[in-house]
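Note that ligands are numbered from 1 as they come in the structure, with each ligand's atoms numbered from 1 the same way. Quick caveat, the model's predicted, so the values are computed rather than measured. These numbers come from the heavy atoms of this one structure, side chains and all, not from hydrogens, waters or symmetry mates.
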Amino acid sequence: MSVGTRKIPLSSPYLDERDEELVLEVLRSGRLSLGPAIDRFERAFADKLGVPYAAAVSSGTSGLHLLAVIGGLGEGDEVITSPYSFVASANCFIYEGATPVFADVDARTMNLDPAAVEAAITPRTKGIVAVDIFGYPCELDPLRELAEKHGLVLIQDACEALGAQYRGRTVGSHGVDAVFAFYPNKQMTTGEGGIVTTRDEETYRALVSLRNQGRADGGGWLDHARLGFNYRIDDISAALGIAQVEKLDTILSLRHAAAARYGKVLAGVDRLELPLGDDADHVRSWFVYVVTLERGIDRERVIAELERQGIATSRYLPSIHLQAYMRERYGFREGLCPVSEDLSQRTLALPFYTAIDPGDQEQVADALAAALA
Ligand SMILES: Cc1ncc(COP(=O)(O)O)c(C=O)c1O
């Protein structure tokens, strides 16, 4: 049972009257699917990021899957990806029959280590799915060099990194096809939803067809040029997306301020490592606030103690290769990616959202300090 009556959730969407207004507009229009809100959302998002094309889809997972299809990742191919991620970054090409190869992450950035990726390349390697974990930009340039050198497809899973910057440019605008996700714990939300950004018109056209059951441009409703999916976003979600993009700068700066406040109140807490700070090449977009506990600390006890005080936490992130279905299917075991596995034992996500109350953050810091003492 919780000590206080009030709970501090792990995440919470940032919504106001403008979101309600635009959603209501769609409801009253009667155009709930394949309507104008989707085009408006895509245009607003593409302009915000400075990319020519953005294709909205039903989720981050469906966006990643479509890029795997377009990249031709399939049977007999190996795809190198990060074990320290959400499962969708590996599942997206497994759906197509490709085999996951997990390269270990860098302990500092928690993102794919390009040297480990290079070491994992074989004659069967067909692609790399790089992830910007916890909104910290991955090493895109070295990974792109490897992809070019070996003729590999490179997909950027930027689902957690909306607003992040790599080498002075917004993530999603570097010319590598990238996917963003809008589940309600993300920086901005559409309820469920995602979007793919690309500089390539042909890729954009393929995305638009594949998300809509393989229908061709200008073809009839019952004409299907290719094997497609129903990965459409609906207009209600897209309307929410428009309102969220309108206030994205505010959202990002509030989250930045919230992260800075955690940095201050947690600065004196021992036995704890705070998230990696920015540098000239990497500017994080704050998706979650994940701390790393010192080795030897009983994380379950810390979680239980915070839970008792009504503070939600999460074990972000288990290593993907050790999930039950991965062990069963591919025989992956402990020791494959030691850095990721070590992080998986010690990292902990604290309550973090756009409008988090500074007093609640202090309470989280106090509770964590007491639990670690
Ligand atoms: C790194 C990463 N990849 C992919 C996804 C999948 O997004 P969605 O939940 O919208 O399918 C998420 C979101 O949970 C994510 O964090």
Could you see which bit of Thr61 sits under 4.0 Å from ligand 1, with heavy atoms only: side chain, backbone, both or neither?
both
Strictly by modelled atom types, are Gln345 and Glu341 linked by a side-chain donor-acceptor pair under 3.5 Å?
no
Between His65 and Tyr231, a side-chain donor and acceptor under 3.5 Å:
yes
Is the centre of the Tyr183 ring less than 6.0 Å from the centre of the Phe86 ring?
no
What atoms in ligand 1 come closer than 4.0 Å to a heavy atom of Cys159?
2 (C), 3 (N), 4 (C), 5 (C), 12 (C), 15 (C)
Centroid-to-centroid, Tyr136 to Phe134, below 6.0 Å?
no
So for ligand 1, is Tyr183 a polar contact partner (N or O within less than 3.5 Å, distance only)?
no
Among all the protein's non-hydrogen atoms, which is closest to atom 16 (O) of ligand 1, and how far away is it?
Glu160 OE2, 2.6 Å
Enumerated ligand 1 atoms positioned under 4.0 Å from heavy atoms of Ala181:
7 (O), 10 (O)
Could you say whether the N/O atoms of Asp157 and ligand 1 ever approach to under 3.5 Å?
yes
State whether the shortest distance between N or O atoms of Gly60 and N or O atoms of ligand 1 falls below 3.5 angstrom.
yes
Test item: side-chain donor near acceptor, Ser319 and Ser344, under 3.5 Å
yes
Note: Arg255 and Phe352 closest approach over all heavy atoms is O-CZ, 3.3 Å
Short N/O distance, under 3.5 Å, between Glu192 and ligand 1?
no
Does the N or O separation between Lys186 and ligand 1 drop below 3.5 Å for any pair?
yes
Give a yes or no on whether Arg43 atom CZ has more than 12 heavy-atom contacts from other residues, nucleotides or ligands under 6.0 Å away.
yes
Decide yes or no on salt bridge (charged side-chain N to carboxylate O under 4.0 Å, His left out) for Asp278 and Arg284, but give the supporting numbers first.
CA-CA 6 Å; Asp278 296 342; Arg284 187 194 298 269; 5.1 Å; no
Contact atoms of ligand 1, heavy-atom distance to Ala88 under 4.0 Å:
4 (C), 6 (C)
Which atoms of ligand 1 are found less than 4.0 Å from any heavy atom of Ser59?
10 (O), 11 (O)
